[in-house]
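Predicted model, so just to flag it, every value in this text is computed and none were measured.
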Amino acid sequence: MSPATNHSFVTEFILLGFTSDSTSNKILFIIFLLLYLCSVLGNGLTIILICLDSHLHTPMYVFFSGLSLLDMGYVTTTMPQMLVHLLSSSKFISFEGCWLQMYVFSALGVTECILFVVMAYDCYVAICFPLHYMLILIWDLCVRLVVGTCASGFLFSLIHIFFTMNLPFCGPNMINHYFCEGPSVQILACMDTYLIEMVDLVLSIFIIVGPLSLILISYVRITLAILKIKSTQSRWKVFSTCASHLTVVSLFYAPAIYIYMRPTSSYNPERDKVSLFYNVFIALLNPVVYSLRNKDMKAAFIKVVLRNRVV
């Protein structure tokens with residue numbers, strides 16, 4: 001019996017993954033291993049460049065390095081275990097391990113949701129109040145924003161996990177997913193989950209709709225400020241500074257809304273493995289989108305490479 005709740009008879013779960021065909025699993029292993037390594041290396045390189053180049057020690061790049069760190073943790077929470085399961089006949093995960101994975105994954109995801117709001121605020125201040133940028137976004141405020149973002153993410157996720165952990169699980173214990181994700185676990189509960197669904201819906205409004213609304217408000221004001229610029233070239237140059245953030249936000253929130261803003265009763269395990277998109281591909285795309293469109297990041301990379309050659 002699991003120590004998490006006196007009503008649970010399940011001590012471990014089985015993650016079914018994508019397919020039971022061994023050949024397909026080997027091919028998927030190679031593909032996902034490459035994606036995982038590229039994601040970790042890309043985000044790791046971003047953090048290293050920002051740390052080494054003093055010109056990148058600004059609030060915007062501090063938030064960007066935080067995003068890269070979150071993405072690394074995000075994929076590491078799920079991918080290593082998935083890779084092991086692709087080659088192993090045993091696909092078990094302990095009851096406690098499942099909850100821990102669910103909590104960390106959820107906490108990092110919520111933290112990233114809120115961090116996107118902070119990054120939108122950074123763009124808003126940079127474009128609407130360029131002369132006062134460093135006076136508004138002082139380091140003390142940046143630290144408080146980062147700490148508050150992390151604290152909020154882990155707190156909101158704790159509420160979600162608390163309610164889910166207290167559901168009774170008396171079988172079956174097969175999760176039709178490649179990791180322990182909230183909806184995929186809740187449908188295994190041997191009781192009506194309507195109350196939990198309502199709690200999750202309320203949390204989703206705060207976690208997804210709330211931050212997304214703030215981001216939209218920021219960009220409405222940014223757009224109004226850009227439209228006041230007379231030069232078309234200058235207008236496009238200013239807008240392009242926010243294009244990377246808009247791209248990443250769109251790619252992150254679209255699948256998140258699709259999965260978490262609807263009742264568990266409509267959950268489709270096969271269709272909802274789309275979470276792989278925001279779990280793996282977003283973590284891979286973030287450094288690519290930001291770095292390829294950012295002259296400062298390119299300059300920092302060239303500077304580090306040339307410095308190493310000289311040494």
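- In the hydrophobic cluster analysis, where Ile, Leu, Val, Met, Phe, Trp and Tyr join through side-chain heavy atoms closer than 4.5 angstrom, Val143 is grouped apart from Ile138.
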Chi angles and distances behind the ring-ring contact (aromatic ring centres under 6.0 Å, His included) call for Phe32, Phe18: CA-CA 12 Å; Phe32 290 135; Phe18 297 96; 5.6 Å; yes

Verify side-chain contact (heavy atoms from CB on, under 4.5 Å) between Ser157 and Val104, making sure each step is shown before the conclusion. CA-CA 8 Å; Ser157 296; Val104 174; over 6 Å; no

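- Here the closest heavy-atom approach between residue Val185 and residue Phe169 is recorded as O-CE2, 3.2 Å.
- Remark: the His245 side chain and the Tyr219 side chain contain an N/O donor-acceptor pair separated by less than 3.5 Å.
- Judged by distance alone, with hydrogens and angles left aside, the side-chain atoms of Ser184 form a donor-acceptor pair with the main-chain N or O of Glu181 at under 3.5 Å.
- Considering only heavy atoms from C-beta on, Met134 comes within 4.5 Å of Pro59 through its side chain.
- In this structure, the separation between CG on Leu83 and OH on Tyr178 is 11.0 Å, given to the nearest 0.5 Å.
- Atom-to-atom distance recorded for Tyr253:OH and Leu216:CG is 9.5 Å, nearest 0.5 angstrom.
- Using the six-membered ring where Trp is involved, Tyr61 and Phe64 have ring planes that are tilted, between 30° and 60° apart.
- His57 is listed as a side-chain neighbour of Ser54, based on a closest heavy-atom distance under 4.5 Å.
- Ring orientation note: the planes of Phe13 and Phe95 are close to parallel, at an angle under 30° on the 30°/60° scale.
- Considering all non-hydrogen atoms of both residues, Leu15 and Cys180 come closest at CD2-N, 4.1 Å.
- Phe163 has its ring centre no less than 6.0 Å from the ring centre of Trp99.
- Heavy atoms only, all atoms of each residue included: Val280 and Leu35 are closest at CG1-CB, 4.0 Å.
- Looking at every heavy atom in both residues, Gly153 comes nearest to Val110 through CA-CG1, 3.6 Å.
- Taken together through direct or relayed side-chain contacts under 4.5 Å among Ile, Leu, Val, Met, Phe, Trp and Tyr, Ile31 and Leu33 form part of one hydrophobic cluster.
- With side-chain heavy atoms closer than 4.5 Å counting as contact, directly or through intermediates, the hydrophobic cluster containing Leu224 also holds Val220.
- Using a distance-only test at 3.5 Å, with no hydrogens or angles considered, no donor-acceptor pair links the side chain of Gln101 to the main chain of Phe179.
- Side-chain atoms of Asn286 and Phe252, non-hydrogen and from C-beta on, never get closer than 4.5 Å to each other.
- The distance from the CG atom of Asn173 to the OG1 atom of Thr11 is 8.0 Å, given to the nearest 0.5 Å.
- Taking both residues in full, the closest heavy atoms of Ser68 and Ile47 are given as CB-CG1, 3.8 Å, listed atom of the first, atom of the second, then distance.
- Under the 4.5 Å side-chain heavy-atom criterion for Ile, Leu, Val, Met, Phe, Trp and Tyr, Ile229 and Trp236 are members of the same hydrophobic cluster.
- For the pair Asn25 (side chain) and Leu87 (backbone), a donor-acceptor distance under 3.5 Å is absent.
- Rounding to the nearest 0.5 angstrom, the gap separating the CD1 atom in Ile226 from the NZ atom in Lys228 is 12.0 Å.
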Margin query: Does Thr77 form a side-chain contact (heavy atoms from CB on, under 4.5 Å) with Leu108? I'd like the steps, not just the answer.
Written below: CA-CA 9 Å; Thr77 303; Leu108 293 176; 3.8 Å; yes

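- Annotation: the span from Leu37 atom CG to Leu284 atom CG amounts to 11.0 Å, rounded to 0.5 Å.
- The backbone N or O of Ile14 sits nowhere less than 3.5 Å from a side-chain atom of Lys91 that would complete a donor-acceptor pair.
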Let me have the donor-acceptor pairs involving side chains of residues 115-129, under 3.5 Å, with sequence neighbours excluded, atom names and distances please.
residue: Asp122; atom: OD1; partner: Tyr133; partner atom: OH; Å: 2.4

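- Counting only distance, with no hydrogens or angles, the side chain of Ser218 and the backbone of Leu214 share a donor-acceptor pair below 3.5 Å.
- By the side-chain hydrogen bond (donor to acceptor under 3.5 Å, both in side chains) test, Thr78 is found to be paired with Asn279, residues two or more places apart in sequence or in another chain being considered.
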- [ ] Starting from the C-alpha separation in whole Å, work towards a yes-or-no answer on side-chain contact (heavy atoms from CB on, under 4.5 Å) for Phe162 and Leu158.
- [x] CA-CA 6 Å; Phe162 172 79; Leu158 188 62; 5.6 Å; no

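- Residue Leu203 is not grouped with residue Leu155 when hydrophobic side chains (ILVMFWY) are merged at heavy-atom distances under 4.5 angstrom, including chains of intermediate members.
- Between Pro211 and Phe206, the shortest heavy-atom contact is CD-O, 2.9 Å.
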*Please walk me through it: do Ser39 and Tyr74 pass side chain to side chain donor-acceptor pair (under 3.5 Å)?*
CA-CA 10 Å; Ser39 176; Tyr74 214 45; over 6 Å; no

Exercise. Take Leu212 and Val209 through the test side-chain contact (heavy atoms from CB on, under 4.5 Å) and record every step on the way to the result.
Key: CA-CA 5 Å; Leu212 187 57; Val209 178; 5.8 Å; no

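- No donor-acceptor distance shorter than 3.5 angstrom exists from the side chain of His160 to the backbone of Ser106, with no hydrogens or angles considered.
- Taking a 6.0 Å sphere around CZ of Arg235, one finds it holds more than 12 heavy atoms contributed by other residues, nucleotides or ligands.
- Inter-residue side-chain proximity for Gln81 and Val84 is flagged as unmet; no heavy-atom pair is nearer than 4.5 Å.
- Distance CD/Glu12 to CD1/Ile93: 10.5 Å, rounded to 0.5 Å.
- Residue Ile159 is grouped with residue Leu167 when hydrophobic side chains (ILVMFWY) are merged at heavy-atom distances under 4.5 angstrom, including chains of intermediate members.
- Using a 4.5 Å heavy-atom threshold, the side chains of Glu112 and Leu67 count as touching.
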